[in-house]
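Structure first, then comments.
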Amino acid sequence: MSLLDGMGRPLRDLRISVTDRCNFRCTYCMPKEVFGPDYAFLPRERVLTYEEVIRLARIFASLGVEKIRLTGGEPLVRRDLDRLIAGLAEIPCLGDITLTTNGSLLRAQAQKLKDAGLRRITVSLDTLDDAIFQSMNDVGVSVRTVLDGVAAATEAGLRPVKLNAVVQRGVNDHTIVDLARHFKGTGHIVRYIEFMDVGNTNGWNLESVVTAREIVTRINAELPIEPVKPNYRGEVARRWRYLDGTGEIGVIASITQPFCGDCSRMRISAEGEVFTCLFGSKGYDLRSLLRGGASDEEIGRAIERIWRPRTDRYSEIRTESTKGLPKVEMSRIGG
Ligand code: SAM
Ligand code: SF4
Ligand code: SF4
């Protein structure tokens, strides 16, 4: 079945944040000045249990969701994540279960996650320059650790790995070609992301955005590429392949080439609030239904009531003036 929103978009993808905590303090996501030692993360009892997440995922699957991405915060800081994946893997009709991680804890977990039923993985890696990387994650984790996590994922059979790189002018934009060159020919796919005005704390402004066009031009100048058709309707990354046949890259241009028209994503925060847009400010509480004795049918109807009137298209109407609107933090709903 297809549950359509107010603009005819089906509900197909679910992004589940399994924790609001993270072992990184990326300056564009969880800056230390805001997420410092006194920051009040969610107490455990407010976070959905794995059983609750699995129950919700089943209900979403019955409404047409085909793909689930686990995210955070950093999903691998939550204990026994493989237990959640194993539960999700048992849900019929779910074609795809994937995970976005900063990669720092992947060496220890990759095989367990794969064995539990994880199909694919995305690892965030903004640059190969160690000094820049350490200042971006702001906790001193080295590029080597993340590359070792990527190697562990590959050895476990989670390939190709997708690598997410957020590009910020004056921070890491001069290193984008090196990143492409490193993964060219490995089968892995680097996806460059335009720096977005998510949340309220990352000091975003338009000048710090390096546009998809500029990213492509810079890479093409050294490693010639050509555009490729999307794999499926609604794919967020625009695909480019190397002319010499050694692989492809993607560019996610939320700022300059918004893709709201095909947006089929719903997001759940770690405490069970659903958001119909990455840039939303209002979440809808499903946890109190889950814990208040509601049946699956009642929860399903509540989700329908949230999705049907949806008309979100923030990226299409973004201007310099919308950046000040209150928005949920990325670390709560996971990108
Ligand atoms: N901690 C995991 C990680 O970093 O991969 C998962 C959660 S993180 C919020 C998900 C993705 O959002 C990462 O690839 C991250 O680089 C990206 N992201 C965070 N803040 C962003 C921003 N302001 N603009 C663009 N992408 C951002
Ligand atoms: Fe943590 Fe990911 Fe945000 Fe970086 S982008 S602070 S790794 S949640
Ligand atoms: Fe979807 Fe909102 Fe992003 Fe548009 S801005 S693609 S509606 S999440």
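Counting starts at 1 for both ligands and their atoms, following the listed order.
Geometrically, ligand 1 and Glu74 share a nitrogen or oxygen pair separated by less than 3.5 Å. For Thr71, no nitrogen or oxygen atom sits less than 3.5 Å from a nitrogen or oxygen atom of ligand 1, counting backbone and side chain alike. Backbone and side-chain nitrogen or oxygen atoms of Met196 are examined, and one is located within less than 3.5 angstrom of a nitrogen or oxygen of ligand 1. Checking only distances, Gly72 never comes within under 3.5 Å of ligand 1, N or O to N or O. Below 3.5 Å of separation, one finds an N or O of Asn164 facing an N or O of ligand 1. Every N/O-N/O distance between Thr100 and ligand 1 stays at or above 3.5 Å.
Using a distance-only test at 3.5 Å, with no hydrogens or angles considered, no donor-acceptor pair links the side chain of Lys162 to the main chain of Ile121. Remark: side-chain polar atoms of Arg21 are not paired, donor with acceptor, to backbone N or O of Pro75 under 3.5 angstrom.
Stacking of Lys282 on the aromatic ring of Tyr284 is recorded, both the 6.0 Å distance cut-off and the 45° axial limit being met. Judged by the 6.0 Å distance and 45° axis criteria, Lys184 is positioned over the aromatic ring of Tyr242.
Distances shorter than 4.0 angstrom occur between a heavy atom of Arg267 and an atom of ligand 3. In this structure, Gly73 is part of the shell of residues with a heavy atom less than 4.0 angstrom from ligand 1.
Those atoms of ligand 1 that come under 4.0 Å of a heavy atom in Ile193, given as number and element, are 25 (C), 26 (N). Of all the atoms in ligand 1, the ones that sit under 4.0 Å from a non-hydrogen atom of Ser124 are 3 (C), 4 (O), 5 (O), 13 (C), 14 (O). Remark: ligand 1 atoms within the under-4.0 Å shell around heavy atoms of Asn102 are 2 (C), 3 (C), 5 (O).
For the pairing with Tyr192, the side chain to side chain contact (heavy atoms under 4.5 Å, CB included) check across Ile249, Asp173, Asp126, Val210 returns one residue only, Ile249. Looking at Phe275, Phe279, Phe259 one by one, the single match for ring pair (Phe, Tyr, Trp, His ring centres under 6.0 Å) with Tyr314 turns out to be Phe279. Put simply, the residue from Arg310, Arg305, Arg12 that forms a salt bridge (Lys or Arg N to Asp or Glu O under 4.0 Å) with Asp5 is Arg310.
With sequence neighbours left out, the salt bridge (Lys or Arg N to Asp or Glu O under 4.0 Å) criterion links Arg291 to Glu52. By the side chain to side chain contact (heavy atoms under 4.5 Å, CB included) test, Gln109 is found to be paired with Leu76, Leu105, Leu113, residues two or more places apart in sequence or in another chain being considered.
Contact annotation: for Thr101 versus ligand 1, heavy atoms closer than 4.0 Å belong to the backbone alone.
Contact between Leu128 and Asp178 at its shortest, heavy atoms only, is CD1-O, 3.7 Å.
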Take Glu74 and Asn102 through the test side-chain hydrogen bond (donor to acceptor under 3.5 Å, both in side chains) and record every step on the way to the result. CA-CA 7 Å; Glu74 172 48 43; Asn102 63 30; 3.3 Å; yes
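At a cut-off of 2.8 Å, measuring from atom 3 (Fe) of ligand 2, the protein N, O or S atoms that fall short of it are Cys29 SG, waters left aside. Protein N/O/S atoms found under 2.8 Å from atom 1 (Fe) of ligand 3, listed by chain and residue number: Cys263 SG.
Comparing Asn23, Leu163, Leu125, Val166 by heavy-atom distance to atom 16 (O) of ligand 1, the nearest is Val166.
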